[in-house]
Every structure is written in structure tokens, then in C-alpha cells.
Amino acid sequence: MITLEALLRALDLGGTFVFAISGAVAAVNRRADLFGILVLAFVAGNFGGISRDLVIGAVPPAAMSDWRYLLVSIVAGLTTFFLYAGIERLRIPVLIFDAVGLAFFAVAGAQKAIQFGMSPVMSALLGMLTGIGGGMVRDVLLNDIPQVLRSDLYAVAALAASCSVVIGHTLGFPYEASALVGGALCLFLRFMAIGYGWRLPVANLSAHKRTRARKPGEGR
């Protein structure tokens with residue numbers, strides 16, 4: 001029978017591979033060399049988990065103490081480097097795998113935070129951080145505004161998944177059941193954002209600009 005620790009490690013490694021692919025693809029699009037691609041693959045695949053482990057006191061972080069995380073990141077980077085054309089043609093499948101990786105990271109991150117005695121609120125937030133942290137740092141290194149904070153319900157989906165795990169733990173449900181519900185909710189939100197354009201509301205900048213452009217005392 002698979003133990004909870006083995007299940008969490010499998011989810012972590014699966015999410016690492018998927019996000020490492022996304023980091024490598026972004027690096028190739030920016031014309032990075034092979035070393036840059038491998039660096040971005042490692043950062044995207046592992047920074048969220050490293051941040052979580054540092055916050056909860058699980059040191060050294062799993063990505064630094066377990067050689068499998070580095071190996072998975074390198075394999076993802078090399079796969080992207082040599083098979084980029086094929087991966088780029090599979091844009092929608094890659095987005096789907098990315099959604100799966102997000103679900104893996106969010107539910108595994110929340111459960112690990114719970115195991116280290118974090119409060120329910122902090123466990124949910126750290127589960128979200130595990131899912132979005134690598135993508136945020138990837139975009140910062142590429143001099144972009146982090147995509148996870150401005151489109152596709154990315155952070156919202158991760159938070160929904162981690163909250164499901166925390167709520168399930170609070171109510172006494174088995175982790176496997178809570179993780180399944182949280183993962184399904186994360187995938188649903190990501191698929192609706194990808195397929196149907198679901199978004200959170202944004203500020204109406206055009207109206208704001210019109211207001212600022214209007215002269216003092218000028219009517220409508």
C-alpha cells in the first residue's frame with residue numbers, strides 16, 4: 001500500500017516535471033542557451049516547493065536534498081531543448097498538463113504544511129504558493145509581470161485546491177479524498193479559463209483615464 005509520504009513525493013515530482021517544462025519553454029521562447037534553459041526549468045519546477053519548505057522549517061528543502069528533483073528538472077529541460085517544435089505544437093495538451101501540475105503542487109503543498117503544524121489559513125496559502133511560486137520567479141527572471149497574478153484564474157485555482165485539502169483535514173476526511181476533490185476543482189477552474197475565457201474582473205482603466213483627462217469643472 002502506498003504511504004502518504006510516498007504519495008506526496010510522487011505528486012511533488014510530477015508537478016516538478018510539468019512546471020519545469022513550462023520554464024524551459026519560456027526560456028526557449030526568449031532565445032536562452034542550453035544552460036539558461038536548464039536554470040529556468042529548475043526554477044519553475046522547484047522554487048514554489050523550496051519557498052514552502054523554508055517557511056515551514058522543512059530544511060534542507062526537498063528539492064535541495066533529493067537528487068530526483070534536479071534529475072526531473074534536467075530531463076524536462078533537455079526534452080524541451082531537443083523537442084521544442086513538437087512541444088510547441090502541443091500547446092493545448094501542455095496547458096492541460098500544466099493544470100495537472102498546478103493541482104499536484106497545491107494539494108501536496110497544503111498537506112505538507114498541515115503536517116508541519118501550520119494553521120489552516122497558512123496551510124492553504126502555502127499550498128497556493130507551492131503551485132504558483134516557480135512560475136512567478138520564472139517570469140521575474142524573464143522580466144515579465146508574473147502571469148499567474150493576472151490571467152487564467154491560475155492563483156485562484158491553486159488556492160481552491162489547497163483550501164479543499166485544509167477543509168477536508170479540518171473535517172476529518174482522508175487526505176486522498178480531499179486531494180481528489182481539490183485537484184478536480186483546480187482542473188475545472190483552469191479548463192474553464194483556458195476553454196471559455198473565465199477571468200476575474202479587472203479595473204476599468206479606460207474610464208479612469210477619461211476621468212483624469214477631464215478638466216476641472218468640466219461637465220460630463
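Hydrogens, waters and symmetry mates are skipped; everything else that's a heavy atom, side chains included, is used.
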[X] and [Y]: which non-hydrogen atoms are nearest, and at how many Å?
X      : Y      : value
Ala99  : Cys186 : O-SG, 4.3 Å
Leu54  : Pro61  : CD2-CG, 3.9 Å
Val107 : Tyr175 : O-OH, 3.4 Å
Ala26  : Leu142 : CB-CD1, 3.6 Å
Ala63  : Ile50  : CB-CG1, 3.7 Å
Gly109 : Thr130 : CA-OG1, 3.7 Å

Worksheet item: Among pairs that include at least one residue of residues 30-41, which meet side chain to side chain donor-acceptor pair (under 3.5 Å), considering only residues two or more places apart or in two chains?
Response: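 Matches after skipping sequence neighbours: Arg30-Asp144.
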
Worksheet entry | side chain to side chain donor-acceptor pair (under 3.5 Å) contacts in which one or both residues fall within residues 35-47, not counting sequence neighbours |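 As it turns out, the side chain to side chain donor-acceptor pair (under 3.5 Å) pairs with a partner in residues 35-47, which skip direct neighbours, are Asn46-Ser73.
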
Worksheet entry | Polar side-chain atom of Arg199 near backbone of Ala193 as donor-acceptor pair, under 3.5 Å |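 Pair found, side chain donor or acceptor close to backbone of Ala193.
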
Do [X] and [Y] land in one hydrophobic cluster if side-chain heavy atoms of ILVMFWY residues count as linked below 4.5 Å?
X      : Y      : answer
Phe104 : Val43  : no
Ile167 : Val181 : no
Leu13  : Leu70  : yes
Val55  : Met136 : yes
Ile132 : Leu126 : yes

Roughly how far apart are [X] [atom1] and [Y] [atom2], rounded to 0.5 Å?
X      : Y      : atom1 : atom2 : result
Leu40  : Phe35  : CG    : CZ    : 10.5 Å
Leu159 : Ser164 : CG    : OG    : 9.5 Å
Ile114 : Thr170 : CD1   : OG1   : 7.0 Å

Practice prompt. For atom CZ of Phe173, decide whether the heavy atoms of other residues, nucleotides or ligands shown that lie under 6.0 angstrom number more than 12.
Written response: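 Not more than 12 within 6.0 Å, no.
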
Fill in: Phe42 atom CZ, over 12 foreign heavy atoms within 6.0 Å
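It does: Phe42 CZ has more than 12 such atoms within range.
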
Sub-4.5 Å side-chain heavy-atom contact between [X] and [Y]:
X      : Y      : result
Val18  : Val100 : no
Tyr154 : Arg190 : yes
Ser162 : Val166 : no
Leu34  : Leu78  : yes

Item to complete: Name the orientation class of the two ring planes belonging to Phe19 and Phe105 (parallel below 30°, tilted from 30 to 60°, perpendicular beyond 60°).
Response: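 Ring orientation of Phe19 relative to Phe105: tilted.
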
Discussion item. Does anything in residues 52-73 form a salt bridge (charged side-chain N to carboxylate O under 4.0 Å, His left out)? List the pairs, not counting sequence neighbours.
Written reply: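 Residue pairs with at least one partner in residues 52-73: Arg9-Asp66, Asp12-Arg52, Asp53-Lys112, Asp66-Arg68.
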
Discussion item. Evaluate Phe188 against Trp198 for side-chain contact (heavy atoms from CB on, under 4.5 Å), listing each step before the verdict.
Written reply: CA-CA 11 Å; Phe188 171 75; Trp198 281 21; 4.0 Å; yes

